[in-house]
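What follows is a single structure, written as structure tokens, with notes after it.
Just so you know, residue 1 is the first one in the sequence shown, and it goes up from there. Given the structure is predicted, the values throughout are model-derived calculations rather than measurements.
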Amino acid sequence: MRKIYPGYLSLCAAGLLFTLLLVASCKKDHGTPTPVATAKPIADIGLYEVDTDIVSAPKDTINYKRIFIPITRVGTQTVQYFSVFDTGSTGMTMGAAGLLPKSMITTSGIKIPAGQDSVNVNGITVTNQTAIMAYGNAQSEIQEFGNLAYTTMIVGTQQDGITTARIPFFLYYKILDVNTGEASYDHSNDVFGVGPGVSYASDQIKSPLSYFKTGTGVTSGFKLAQLPKSGFSIGGTFVADLLTIGLVPDDLAASSGFVMHPLQYFNQGGYSADLPVTVTYVNFNGTSKSLAATLLLDTGTPAISTIADPTAASDIAQLPVGTNITISTSAGFSYTYTSKKSTYITDVVKPTFTGDPRTIFGLDFFTDNEFLLDYTDHKIGLKNN
């Protein structure tokens with residue numbers, strides 16, 4: 001899905017902790033029931049929280065946040081790359097530099113031998129199917145140019161990482177800022193897109209987390225814990241067990257506290273992460289305003305949330321500090337936050353200006369709430385904390 005990436009932050013190392021599914025066994029004595037194995041997640045993984053203070057005119061400081069997931073092996077190669085963990089897009093993208101020989105990478109494409117539909121290099125199968133991945137909107141768009149590829153990889157550190165199956169991903173050779181025409185540096189826009197459905201670049205690409213095999217009683221999906229606000233730092237802070245891969249019955253039970261929201265299916269892209277909500281906020285003239293909206297909860301948006309309002313008085317305007325914003329869903333989830341000077345910043349925008357009709361809440365939402373995505377039954381779970 002298309003989202004804004006206002007800036008690139010310095011990357012940092014990360015680690016991962018995982019737990020294997022345990023299978024209980026016992027001696028079968030007469031009259032003693034056989035214990036049933038307790039369903040356990042596939043893995044619990046730590047993520048890195050990174051913060052960069054960006055000063056804008058005249059003296060305002062904005063906290064641009066990111067959460068990164070480390071990738072330490074791709075194909076047959078040991079690597080050290082860091083991908084933006086992104087609930088707002090679907091599918092993994094990674095730069096080809098460092099993965100393929102330099103002779104294969106040009107500014108106009110990845111070289112595939114004439115007459116072949118693919119080539120296997122360093123345990124990576126690169127196909128001749130090309131596409132463009134776009135992130136942003138009409139005012140700020142980043143494009144990745146590349147090919148559909150397949151490989152196995154280790155998510156997490158070499159010491160405690162978890163190995164994926166052979167999965168499809170997008171291998172890009174060039175990143176371009178559409179507005180400026182400038183090319184970005186290698187691996188500056190690696191994305192770990194965990195949204196539902198399939199990628200708009202190729203319907204072969206889905207969330208890398210959706211390919212993990214689940215055991216008995218475990219549902220395909222993930223749970224993202226509330227992000228600790230104190231964890232965001234300039235150098236990056238590793239926070240253990242933020243991401244749980246695989247959902248157990250307790251996660252999906254009503255007693256879990258998660259409010260579940262069924263997802264809508266579309267012919268293009270499949271199931272969508274967009275949720276119908278009501279947004280209420282105090283307008284610039286001091287009156288309360290409510291409107292029906294389509295909400296994307298997006299860990300890939302680092303700083304400024306946006307309310308898409310077709311009736312807004314201007315193309316884009318920032319709500320004053322101290323403004324209360326509330327969203328509510330028909331399923332019963334409600335969340336209120338207050339705009340501040342450097343965090344919880346919120347713009348009201350016209351969809352005709354951005355080219356995007358959605359209201360988008362970024363990382364600040366995830367510092368107050370838990371998030372769950374069920375790939376099997378196509379639901380998003382939200383939980384206040």
Side-chain angles (χ1 to χ4, degrees), residues 1 3 39-42 44 47 67 85-90 193-197 207 209-210 214 217-229 241-266 269-281 288 290-301 305-308 324-339 344 346 357-385:
M1 296 190 181
K3 299 175 318 312
K40 291 191 176 182
I42 299 167
D44 293 309
L47 302 175
I67 50 174
F85 185 85
D86 186 13
T87 59
S89 70
T90 299
V194 296
S207 163
L209 300 183
S210 69
T214 58
V218 180
T219 299
S220 178
F222 71 89
K223 183 173 60 175
L224 183 63
Q226 179 184 357
L227 305 180
K229 296 177 183 180
D241 301 338
L242 280 180
L243 175 67
T244 298
I245 304 174
L247 303 173
V248 299
D250 285 347
D251 296 325
L252 302 174
S255 59
S256 70
F258 279 98
V259 179
M260 304 303 293
H261 301 79
L263 304 181
Q264 188 174 359
Y265 181 85
F266 294 90
Y271 286 94
S272 170
D274 300 339
L275 301 176
V277 300
T278 298
V279 178
T280 303
Y281 67 99
S288 180
S290 294
L291 66 153
T294 300
L295 176 68
L296 175 66
L297 298 170
D298 183 15
T299 56
T301 293
S305 295
T306 57
I307 297 173
N324 289 332
I325 299 99
T326 298
I327 61 162
S328 57
T329 71
S330 59
F333 178 81
S334 180
Y335 167 64
T336 299
Y337 69 93
T338 303
S339 60
Y344 298 92
T346 306
R358 297 172 299 177
T359 291
I360 300 176
F361 283 3
L363 267 176
D364 285 325
F365 173 87
F366 297 87
T367 64
D368 293 329
N369 302 280
E370 293 185 53
F371 181 93
L372 175 155
L373 179 51
D374 179 343
Y375 294 124
T376 299
D377 293 321
H378 317 295
K379 296 179 182 179
I380 281 178
L382 303 176
K383 181 179 179 180
N384 294 126
N385 274 333

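Note: Q226 CD to K383 NZ = 10.0 Å, rounded to the nearest 0.5 Å. Taking OG from S220 and CD1 from I42, the interatomic distance works out to 7.0 Å, rounded to the nearest 0.5 Å. Here the CG-CG distance, from L295 to L275, works out to 6.0 Å after rounding to the nearest 0.5 Å. A distance of 7.5 Å separates CG in L252 from CG in D377, rounded to the nearest 0.5 Å. Atom CZ of F333 and atom CD1 of I327 lie 5.5 Å apart (nearest 0.5 Å).
Side chains of I307 and T346 form a contact here, defined as non-hydrogen atoms less than 4.5 Å apart. Using a 4.5 Å heavy-atom threshold, the side chains of L209 and L243 count as touching. Counting heavy atoms from C-beta outward, P228 and L242 have side chains that approach closer than 4.5 Å. Residues L372 and F222 have side chains not in contact (no heavy-atom distance under 4.5 Å, counting atoms from C-beta outward). Between Y281 and S339, the closest side-chain pair of non-hydrogen atoms is not below 4.5 Å. At a threshold of 4.5 Å between non-hydrogen side-chain atoms, the residues L247 and D374 count as touching. Side-chain contact between L227 and L363 is present, with heavy atoms from C-beta onward closer than 4.5 Å.
Take T338 and apply the side-chain hydrogen bond (donor to acceptor under 3.5 Å, both in side chains) test, not counting sequence neighbours, and it matches N324. Judged as a side-chain hydrogen bond (donor to acceptor under 3.5 Å, both in side chains), and not counting sequence neighbours, the contacts of T280 are S290. Residues meeting the side-chain hydrogen bond (donor to acceptor under 3.5 Å, both in side chains) test with T359, sequence neighbours left out: none. Judged as a side-chain hydrogen bond (donor to acceptor under 3.5 Å, both in side chains), and not counting sequence neighbours, the contacts of T326 are T336.
Of all the heavy atoms in P41 and T244, the pair that sits closest is CB-CG2, 3.5 Å. Contact between R358 and L296 at its shortest, heavy atoms only, is NH1-CD2, 3.5 Å. Across all their heavy atoms, P249 and A39 have their closest contact at CD-CB, 4.0 Å. The minimum heavy-atom distance between G195 and Y375, with the atom names listed, is O-CE2, 3.9 Å.
T90 contributes a side-chain N or O that, together with a main-chain N or O of P196, makes up a donor-acceptor pair within less than 3.5 Å. In this structure, T87 contributes its side chain and L297 its backbone to a donor-acceptor pair below 3.5 Å.
Within the structure, side chain to side chain donor-acceptor pair (under 3.5 Å) pairs that include any residue of residues 360-372 comprise K65-D364, K229-D368, Y335-D368, Y344-T367, Y344-D368, N369-N384, E370-N385 (at least two apart or interchain). The side chain to side chain donor-acceptor pair (under 3.5 Å) analysis of residues 248-261, with sequence neighbours excluded, yields the pairs K223-D251, H261-T329.
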Does the side-chain contact (heavy atoms from CB on, under 4.5 Å) test come out yes or no for F266 and Y271, once each step is laid out? CA-CA 6 Å; F266 294 90; Y271 286 94; over 6 Å; no
Taking it one step at a time, do I325 and F361 satisfy side-chain contact (heavy atoms from CB on, under 4.5 Å)? CA-CA 11 Å; I325 299 99; F361 283 3; 4.2 Å; yes
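Screening F85, F366, F365, F258 for a ring pair (Phe, Tyr, Trp, His ring centres under 6.0 Å) involving F371 leaves a single residue, F366.
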